[in-house]
Amino acid sequence: MSAQQNAQYNQNIQTKVSLLIFLKGSVAPIVLYFENPQSIYENLQNILRAQEAPKLIELDALGPIKKVCLVSSEISGISIQEEQYVVKP
């Protein structure tokens, strides 16, 4: 691959950030996309840290999953993940 082709290929690489929600009793996480995943992550973190009764959490996402409703006591973990993908010219 020439230097010009390599540079063009690198320009086509994009990064998207997803929020992963792990549920008790489930092997695979729920993968959600948001405009500001860091903010959603911090809000969920605050809910999980609170020693309150379980809360119903409703999230409006951008990806294939558009809306999800969860009970806070069923969440075993959350994570932020970066994914690289190639945009075809």
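We count residues from 1, following the sequence as given.
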Using a 6.0 Å cut-off, check whether atom NZ of Lys24 has over 12 heavy atoms from anything other than its own residue. yes

Measure across Gly63 and Lys66 and return the closest heavy-atom pair with its distance rounded to 0.1 Å. O-NZ, 3.0 Å

Counting only heavy atoms not in Glu58, do more than 12 fall under 6.0 Å of its CD? yes

Between CD on residue Gln81 and NZ on residue Lys16, distance to nearest 0.5 Å: 10.0 Å

Does Glu52 have any side-chain hydrogen bond (donor to acceptor under 3.5 Å, both in side chains) partners at least two apart in sequence or in another chain, and if so, which? Lys55

Quick check: is Ile40 connected to Leu70 through a chain of hydrophobic side chains (ILVMFWY, heavy atoms under 4.5 Å apart)? yes

Connected via hydrophobic side-chain network under 4.5 Å: Val17 and Tyr41: yes

Can you measure from CG (Leu32) to CD1 (Ile78) and round to the nearest 0.5 angstrom? 11.5 Å

Which value, rounded to the nearest 0.5 Å, describes the distance between Asn36 atom CG and Glu42 atom CD? 8.0 Å

For residues Leu23 and Val71: do they belong to one hydrophobic cluster (side chain heavy atoms under 4.5 Å, members Ile, Leu, Val, Met, Phe, Trp, Tyr)? no

Are Val31 and Ile80 connected in a single hydrophobic cluster, I mean Ile/Leu/Val/Met/Phe/Trp/Tyr linked by side-chain heavy atoms less than 4.5 Å apart? no

To the nearest 0.5 Å, what is the distance between CG (Asn43) and CG (Leu48)? 11.0 Å

Minimum heavy-atom distance between Asp60 and Phe34, given as atom pair plus value: O-CE2, 3.3 Å

To the nearest 0.5 Å, what is the distance between CG on Leu19 and OG on Ser79? 8.0 Å

Same apolar cluster: Leu44 and Val68, side chain cutoff 4.5 Å: yes

Of the non-hydrogen atoms in Ile47 and Ser72, which two are nearest, and what is the gap between them? CG2-CB, 3.8 Å

